[in-house]
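Quick notes on the structure that follows.
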Amino acid sequence: MNNSLVSITDYSKEEILSILDSARDFEANPNRKSLDGKVVATLFFEPSTRTRLSFETAVIRLGGKVIGFSDAATSSASKGETLNDTIHMVSCYADAIVMRHPLEGAARYASEISPVPVVNAGDGANQHPSQTLLDLYSILKTQGTLENLKICMVGDLKYGRTVHSLIQAMSHFTPTFKFIAPDELKIPEEYRIFCRKKNIPFTESNELNDNFNDADILYMTRVQKERFQDLMEYERVKNVYTLQNEMLENTKPNLRVLHPLPRVNEISMDVDKNEKAYYFQQAQNGLYVRQAILSKVLNIANNE
Ligand code: CP
């Protein structure tokens with residue numbers, strides 16, 4: 001058993017808070033030598049901008065080195081090599097593996113066969129725990145607390161792995177949720193059951209309008225074309241919601257708009273200048289949170 005991070009449920013509330021504390025330290029001083037001599041492999045079987053580049057920047061700013069691929073077509077997976085063999089080989093070269101894969105469960109499988117820690121950088125529609133930790137860090141920075149917040153989640157709640165991980169993580173902090181999605185992309189039943197079990201109040205709607213005027217966090221998501229089996233269904237729902245600047249007028253002063261990015265057209269560009277827009281800072285926070293995650297999985301103390 002190694003120190004992998006596959007699902008946000010791998011971490012207790014205390015471990016989550018400890019990562020957020022550590023991220024604050026890294027934000028104050030992101031350039032260190034604590035990963036000197038370490039090699040981290042980034043294996044991206046699916047496209048990425050933020051996750052891969054922020055993990056790689058995190059390693060480099062801590063004095064480590066990065067190997068890996070950003071396109072499976074350039075790896076021997078394209079010749080038929082199994083994930084089992086890829087992980088065995090890469091673990092001969094690297095001290096930790098950061099992996100994104102289209103198959104749900106691929107990261108768990110990799111963590112079970114790998115002698116070095118595996119960090120899940122997204123597995124299909126399942127989990128994206130490093131995104132969740134940076135979402136929590138962004139919520140904490142903007143709200144001053146994680147407790148008793150009203151969180152409105154909008155868009156692709158069916159395939160949105162960042163939504164699924166965030167619901168589980170926020171369950172430690174007595175949230176109230178509002179889920180806004182078209183019928184085709186409603187939150188899966190397992191997450192409704194999860195909320196009921198944890199006594200977390202939630203409501204559902206398919207109207208955006210002013211449904212978030214009492215929210216502290218508006219968590220927008222992209223309709224993910226790559227997850228649809230039926231592209232006609234994607235065409236029907238792809239433009240279902242677009243947040244416009246004027247829609248933020250009657251919202252709470254502390255409201256912040258988050259989005260894991262990339263966006264397509266679910267947030268109008270004119271929102272970017274609104275002081276309630278926080279999605280670019282949110283992505284920047286990913287650097288510090290990923291420095292904290294890598295330090296934890298590699299058992300490296302913050303002060304090294
Ligand atoms: N939020 C996120 O996972 O972005 P990328 O797909 O660009 O990594």
Side-chain angles (χ1 to χ4, degrees), residues 5-8 19 23 40-61 66 68-75 96-104 106-107 110 118-139 141-142 151 153-170 185 217-228 234 238 243 256-267 271-272 277-294:
L5 171 59
V6 173
S7 164
I8 196 64
I19 288 276
V40 174
T42 55
L43 311 184
F44 278 68
F45 293 86
E46 269 194 337
S48 167
T49 295
R50 277 146 294 274
T51 310
R52 184 175 66 82
L53 295 180
S54 61
F55 264 117
E56 294 186 355
T57 307
V59 175
I60 291 164
R61 288 196 179 276
V66 177
F69 52 82
S70 57
D71 178 357
T74 64
S75 80
I97 295 171
V98 177
M99 185 179 84
R100 171 170 290 184
H101 199 282
L103 287 183
E104 295 181 25
V118 173
V119 179
N120 182 6
D123 62 327
N126 187 32
Q127 282 273 327
H128 194 347
S130 68
Q131 177 71 44
T132 302
L133 289 161
L134 79 86
D135 291 344
L136 293 178
Y137 186 59
S138 301
I139 294 170
K141 274 178 70 176
T142 59
I151 299 185
M153 296 174 156
V154 181
D156 183 353
L157 307 189
K158 178 178 177 184
Y159 299 114
R161 57 194 175 197
T162 68
V163 165
H164 304 158
S165 296
L166 187 58
I167 290 170
Q168 291 172 322
M170 284 305 300
L185 298 175
I217 293 292
L218 179 59
Y219 194 91
M220 300 295 297
T221 64
R222 174 177 66 96
V223 176
Q224 300 176 79
K225 184 177 182 184
E226 65 273 26
R227 306 274 176 242
F228 282 76
Y234 170 73
K238 68 179 186 185
L243 182 69
R256 290 296 176 272
V257 181
L258 302 188
H259 190 313
L261 303 177
R263 82 172 139 184
V264 182
N265 48 15
E266 57 281 357
I267 300 180
V271 177
D272 294 358
Y278 193 75
Y279 27 91
F280 294 123
Q281 296 98 314
Q282 177 189 0
Q284 183 177 347
N285 289 336
L287 168 61
Y288 317 121
V289 168
R290 288 174 172 131
Q291 288 185 310
I293 292 169
L294 288 168

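Just follow the structure's listing: the first ligand is 1, and inside any ligand the first atom is 1.
- Put simply, the residue from Thr51, Thr57, Leu133, Asn285 that forms a side-chain contact (heavy atoms from CB on, under 4.5 Å) with Arg290 is Thr51.
- Side chains of Asp135 and Gln131: a donor-acceptor N/O pair is present below 3.5 angstrom, by distance only.
- Ring-plane geometry between Phe45 and His101 is classed as tilted, the angle between the planes lying from 30 to 60 degrees on a 0 to 90 degree scale.
- Contact annotation: the side chain of Val223 never approaches that of Tyr159 to less than 4.5 Å [non-hydrogen atoms, C-beta and beyond].
- The residues lining ligand 1, counting any heavy atom closer than 4.0 Å, are Ser48, Thr49, Arg50, Thr51, Arg100, His128, Gln131, Pro260, Leu261.
- At a threshold of 4.5 Å between non-hydrogen side-chain atoms, the residues Met153 and Leu166 count as touching.
- Thr42 and Arg52 share no side-chain donor-acceptor pair at under 3.5 Å.
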